[in-house]
Undergrad: 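The structure that follows is given in the form of structure tokens.
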Amino acid sequence: MISTIKSKLFQKTLAIIVIGFGIIATACSGISGWILYDHLTREYESKALAIGNSISTSLPELFLRQDAATDQSIIDQYLDIRGVAYALVKTEKGDIIAHTFSPTIPPDILKIITTNTPDSHTKDGIVHPTLLQTPLYLDVCSPILMGKAGYVHIGMNMGLINTYIVNAIIKMQVILLGVLFLCIIITFFLIRRISQPLSTLTQYANKLAAQHFDTPIFISTDDEFGMLASTMQSMALRINDFVHSLETKIHDATAELQDTSLYLDIIVDNMADGLLVVDERGSVLSYNPALLNIFGLLDADMRNLFLFDLLDQEAMYSLQQHKVLSYDNEFQTMNFNALAQQGHPSRHEVYTSTAADTNLCLDISMAPTTLKCGNQFILVMRDTTRSKEAQKKLEALNDELEKNILRRTQKLETANELLKKEILIRKAAEDALEGEKELFSTTLRSINDGVITLNNKGIVLFLNQAMENLGGWSSCEATGKKFCETFHISINNTPLVLNRKEQDQRTLQLLEKEQDALFQTKGKTLRDIALRVLPLFDKQSETMGQVLIMRDITEFKRQEQEQLKSEKLESIGLLAGGIAHDFNNILTAILNYIILAMNNPLLDEKTHTHLQKARKAGQRAQQLTQQLLTFSKGGAPIIELTGIRDLIKDSITFVLRGSNVKTSIDISRDIWNAEIDPGQIAQVIENLTINADQAMPKGGRLDVTCQNIRIDKTSHIPVQPGEYIEITIKDQGEGISKTNLKKIFDPYFTTKKAGSGLGLATTYSIIKNHHGHIAVTSEINKGTVFSIYLPASPLQEKPSPPVPLRQAIAGQGTILLMDDDESIREVMKETLEFLGYTVLTARDGAETIAKYQQYASPQTPIDLVIMDLTIPGGMGGKEAVGKILEIDQDAKVIVSSGYSQDPVMANYESYGFIDILTKPYTLEEISKKISQVLVRKSRHRPHDEDTPKQTQRVQPQTT
Amino acid sequence: MSAAFSGPSQDLGCKLYGGAMAYIRYINEQGGVAGNALKLLALDDGYNPEPTIANTIQFVEQNNVFCLFNYVGTPTVTRMLPLLTKYQARPLFLLFPFTGANALYEQLYRQRIFEFRTSYDAEIRALIDMFIKKRCSRFAILYQTDAYGRSGWQSTVHALKEHGMTLVAQASYPRGKLFQGSFHSEVSLLKKHNPDVIICIAASQAAAGFIRDTRDLGLNVPIANISFVDPDTIASLLGTLQPKKRTNYLQNLINSQVVPFFADPSLPAGREFMELNRLFQKQGMQTTMFKAFQTCYSPGPISFEGFLNAKILVELLKRMGASPRAQDLPEAFAKLEGLDIGIGAPLHVDTNTNQIQNQVHFITFANGTIAPIDPTSFQGIIQ
């Protein structure tokens, strides 16, 4: 309840009610007072008049008697009338004969009485009663018998009116007060309904503010207060949690801070350097014990101290000079410079004397800092006095030392010089030794021969690198063990035992000479070695061990054998070559004569046919000789853009004539032309076909495919990126074993009973010379696939159908022909003359040059020279061409040879030839070639546009 | 009898009644008058006029009294007088009222009223004459503010006027004021004008209070009261006060009386009165009628007057035969001429005014009681 009373809401409402009522009360009072006054006044007036009248008109004769008692008894009665204050009777003359006053008539009323007398002399003679109103009284004077019998005064108590008004107002106020009270009580209860929960909430809020978050709240009414209460409660809980967490954090932070603060305090207190904090004016704010120590002061001394009290005048001036502060000694004031205030920490060395007259040297570090309370400066002072002194002493000592040192140094230097020389000598010796060592070890390392050093007992002392490589044992593995434990060497099937003592001299002497032996490596392989065993002598020339020197000659032996083989082959080849060469020439003659014979118009059909067959056979013979030549010489291919289709078909059909092998040839429709030497490739195809055929003795199928393929860097085929054609030759034969697969391309490797072992080797070398690739896959009893990759070109080949005989091109000009073979000379002469040319012949290069010189002239030029490449026992075309070109730089020289693989044939241009002819050549071939060449400009002049690309492509790299 | 048996003038009523009853009982014990017992009906009017009127009406219409007797008070009597006219057919006579108001002398009522006591006017004149003889020149008056007081005031004014004087001061007090009331304002008013003597037209209680306050305020001039004031009351009221205040309040007082001194042994009526009183008190006269009676009644001038009133009434009745009729009263009254009832002189009756001639007597106080004063010498009074 008290809370409600105390509630501001209630108080405010109360105030409003009270004020309202106050206004109402005042208004009511005022109005009613006025009304009452007005009415009562009028009432009294009428009453007074009535009384006066009644008295004066009722018994006038009584008054005539002027009997005071009677008058008194009459007027006494009227005193009872409410409002009558007094009654009074006076005579006509004005003497008062009866009145109702005690103790006496008041003077003011007396005045009224005397004043208020009607005038007896009126206009109409009628004397009326008169009224006189004073604040206190209303006096009515009624004349009795027009005044002749006297007058009666009735005084009405105006004060009574006021009393009545006051009473009425008071009553009204009381009632209003009562109502007010009622209202207050009602308000009280109404507000309590509001303010109680409000104050509860306020209390609750206060409790929350006082951080009692756990206090319960008991408002559960289903109204706004209830909602507010519950909201506040939940809010309180959240705040509580928050506060708790905050508290925890604060606690932690505070603990940390305390620790830090403590830590800092400890640091400051225990610092060896003095710490001084001053404000802008130099007033000392704080300091640490070390500072006191420096200046020899106590805590008490530090009160109201300034910087200039600590430091002496000179020090202050010094600081002033350093532009740190400005100091006035007279007024004992100082001020830090603005620069110092804003600037960076600075360091100054200051000499000062303390109060106790000790001189100090101080190293002062000064740092300005701006805090909330103003600018402060933190000075760290280090007493460097002692250190300075020490420094000075040190310096003195130092000087002395230096002198001493100088002296000693000189002595030392001389000694040093001597030492140096010695050292140099030593060093040289060491270097020499080192060099020797190095030389020795390098030599040892370099020796490809394996060296084993043994001691007298036959224990291995040393292995060199080469020995390690040769034997497979590392130095660690072998050294320290007996020689025979590790190494097994046999000479002529006798194991080598090395035991110096036991071995007889003869054996040893023998061993000193190099012998062939067999050596078993760690991998249990046997190697052929050349072995020497030498004794080791010490200084005293006593034997201290043995040295074994062995050289792996396995490869050497193999190579020896190979060499023998190849020499054999070469000699065979030479022989074959020579035969082939002669044979080739003879074939050329045969072929040409056949051709000539075929040209005879009188020839009959049968004979023509026979001659044709003969030609074909002759051509085949050419091919064979070509093969032989190819093999024997292994020459470079003469590349030309060739249509592969016919080549493959022809080769295969040629080889498989009469075989029970079925062929399936699948060549891409748009197959590119191959940049190949057709003869050689034909050889290859034939070779592979033959192998396939032989692999399928009972018959089978041979699948040949040919397709374009672009090979790029990522391809596994080891060729230059570019365009290639891929030829695959697949058989269903017996296949090749894995082990043999590695060796098939090796020369002299063959599984055939009667094979030379050269076929695939030749094939391989041909493909390699073409910068192509050959690969093989095979499985036993399943078959073998050879894949050949040959450089190709999308360009169209120059169609070169065999020129029918009758299309042999005639021409004009002078041709100089050189060949060592007379028959060739003869036939060629005839052939060319047949074509219309004038022919000169020569036997060798020298004759050719002579004839050229002799014959060639501007009027009678030699249009063309055809020279054989090699002339056994004479100058060949190769040498002659140069000479001829010297004679006539415009000379056109064609080189001809049966050795198409000859590098000269491949690089004819570089030798000066303008073109080549391969023997054997047909009439058509030569005629065409001649006509081509004659048209061409000379070698001296640039090529015509016919063959730019081809020329580029066909330049094979000389290896 | 309608009188004040309660209120401020209850002494008067009780004493008058007591005095009258003493004789009436004696007479009744003697066998009455002509064999008729006398019955005195008494009603209290409290000294207020309305009850007086009502009582009178009751007496007449209900009690059919022979006559009205021993009424007390001027205002009361003055107001009931018209009833005499009202019931004049009966006729209704008022015998021996205890009042001296002039109104009684109005011709209208004179025929109906028989008076024994002299008027207040006569008393006042006698007093003033005495005081003037004693060389008093400054007269002040205290009077009750009602008809009684006013008539006394008028008498004083006229009396002084005849001597060529006027009042030097006058004060009034309201009717009903008791002894306990304060009369300081009245005294101050009078004292201001330095009177030589104060004429007091008051009721007994007020008179006593006034005397006290006058003496307390240091005004020691003689104070004269008239017969309406009961001297016993004065004596008793002021007597109790005296020991406390160590002032002799009962000095320098003089009261005028309409009956001779009751305790005068030379008066046969007095002796008779005292004797009867003794008897009265021995018998333990009890009356349950009025509460105040026991305390108020005491022999004194008032009760003596009541006694004498009764005595005269009996004499009247004696002269009216066995069955007296009211209308015969005037005739009987006339026959009273020359009667000696033991008051020292034979009665002289004025049939015109229906008044028995009477003297004014004076008493004073000594030794705390009433003491007579020689009318001629006034010795011991005025110093």
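Here is how names work: the chains are called A, B, and so on, in the same order as the sequence lines, proteins then strands, and each is numbered from 1.
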Undergrad: So do the side chains of S172(B) and H99(A) get within less than 4.5 Å of each other, counting heavy atoms only?
TA: yes
Undergrad: Starting at CG of D146(B), measure out to OG1 of T100(A) and round the result to the nearest 0.5 Å.
TA: 11.5 Å
Undergrad: Sort by residue number and list every member of residues 180-190 of chain B having a non-hydrogen atom under 4.5 Å from chain A.
TA: S185(B), E186(B), L189(B)
Undergrad: Measure R175(B) against the heavy atoms of chain A and call it side chain, backbone, both or neither at under 4.5 Å.
TA: neither
Undergrad: Going from CG on D71(A) to CZ on R150(B), what distance comes out if it is rounded to the nearest 0.5 angstrom?
TA: 9.0 Å
Undergrad: Once you round to the nearest 0.5 Å, how far does CD of Q72(A) lie from CD of Q144(B)?
TA: 10.0 Å
Undergrad: Would you give the length of the straight line joining atom CG of L142(B) to atom OG1 of T104(A), rounded to the nearest 0.5 angstrom?
TA: 11.0 Å
Undergrad: I need the minimum non-hydrogen distance between W153(B) and I97(A), along with the two atoms involved.
TA: CZ3-O, 3.2 Å
